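Some notes on the structure that comes next.
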Amino acid sequence: MTIIYGVDTEKEITPLMVRDAVLQCFFEAHCTDTGLDIAKDEVLGKLYCYRKVKEVFEKIGSDFEHPTKGDLIQVMQGLLEFSKNFRDTSIIKKHYDDIMILVNKLQ
């Protein structure tokens, strides 16, 4: 059994599960062990990440509550570009690759 950001890759995966994994992934990449003030408060960190991810959904004209596989791919591209300004490329690649495993399992 492999779990990626709370999603069991051996079970059926839905777009909402992947969206939630994106939120968790973004939180882990930007708000844990970063030394940033936002990382000191988990609630604020999660809220910050929720808003940033939702902002990308809105930017591409996607419904945050009903994402498609195509939407998730576009969102990941947007988050990849955003993250380049703040995180090391090896960290970005690891998180991106993990999420894309989930995205690629969607029908």
Side-chain angles (χ1 to χ4, degrees):
M1 174 170 58
T2 302
I3 306 291
I4 299 175
Y5 304 109
V7 177
D8 185 341
T9 60
E10 294 177 14
K11 295 183 178 178
E12 183 178 349
I13 297 173
T14 67
L16 284 177
M17 293 166 73
V18 176
R19 182 212 58 198
D20 291 345
V22 169
L23 289 166
Q24 183 62 35
C25 172
F26 198 75
F27 174 74
E28 288 181 21
H30 289 276
C31 295
T32 58
D33 298 325
T34 62
L36 300 173
D37 285 341
I38 195 79
K40 294 177 184 172
D41 185 318
E42 184 175 345
V43 173
L44 286 178
K46 287 189 175 189
L47 181 60
Y48 165 81
C49 293
Y50 174 85
R51 286 182 177 161
K52 283 294 174 191
V53 171
K54 192 167 183 189
E55 203 174 87
V56 176
F57 271 91
E58 291 168 356
K59 185 176 180 179
I60 67 165
S62 173
D63 183 350
F64 182 79
E65 297 300 330
H66 301 95
T68 65
K69 181 177 181 175
D71 295 338
L72 292 163
I73 291 169
Q74 288 182 60
V75 165
M76 288 305 297
Q77 288 298 317
L79 293 172
L80 179 93
E81 290 304 314
F82 172 81
S83 296
K84 286 180 181 178
N85 297 310
F86 304 100
R87 304 301 288 158
D88 180 81
T89 54
S90 64
I91 293 170
I92 295 168
K93 179 171 177 17
K94 186 232 180 284
H95 287 280
Y96 180 86
D97 290 348
D98 286 347
I99 292 295
M100 290 311 293
I101 289 169
L102 300 177
V103 169
N104 290 327
K105 289 187 170 281
L106 293 171
Q107 298 298 329

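When reading the values below, keep in mind they use all heavy atoms of this one structure, side chains included, and skip hydrogens, waters and symmetry mates. As the structure is a prediction and not an experimental result, all values here were calculated from the model.
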remark   = Heavy atoms of Leu72 and Pro15 approach each other most closely as CD1-O, 3.8 Å
query = From Ile4 CD1 over to Met100 CE, what is the distance, rounded to the nearest 0.5 angstrom?
reply = 11.5 Å
inquiry  = Quick check: closest heavy atoms across Leu16 and Pro67, and the distance to 0.1 Å?
reply    = CD2-CD, 3.7 Å
query = Is the side chain of Thr2 donor-acceptor paired with the backbone N or O of Thr9 at a distance under 3.5 Å, no angle test?
reply = no
ask   = To the nearest 0.5 Å, what is the distance between OG1 (Thr68) and CG (Asp63)?
value = 10.0 Å
key: Pair Gln77-Glu81, side-chain donor/acceptor within less than 3.5 Å   = no
ask   = Roughly how far, to the nearest 0.5 Å, is NE2 of His66 from CZ of Arg19?
value = 9.5 Å
ask   = So do the side chains of Phe64 and Glu58 get within less than 4.5 Å of each other, counting heavy atoms only?
value = no
query = Do Tyr48 and Ile91 belong together in a cluster built from hydrophobic side chains that touch within less than 4.5 Å?
reply = no
key: Side-chain touch Lys105/Glu12, heavy atoms, less than 4.5 angstrom   = no
ask   = If you round to the nearest 0.5 Å, how far is CD1 of Ile3 from CD of Glu10?
value = 8.0 Å
ask   = Is the closest side-chain heavy-atom distance between Val7 and Val18 below 4.5 Å?
value = no
message = Tell me whether Lys59 at atom NZ has more than 12 heavy atoms from other residues, nucleotides or ligands lying less than 6.0 Å away.
response = no
message = Going by side-chain contact (heavy atoms from CB on, under 4.5 Å), Ile99 matches just one of Ile73, Asn104, Val22. Which one?
response = Val22
key: Reported CG-to-CD1 distance for the pair Asp71 and Ile60, which is rounded to 0.5 angstrom   = 5.0 Å
inquiry  = Going by side-chain contact (heavy atoms from CB on, under 4.5 Å), Phe26 matches just one of Tyr5, Phe82, Tyr50. Which one?
reply    = Phe82
query = When rounded to the nearest 0.5 angstrom, what is the spacing between CG in Leu106 and CE in Met17?
reply = 9.5 Å
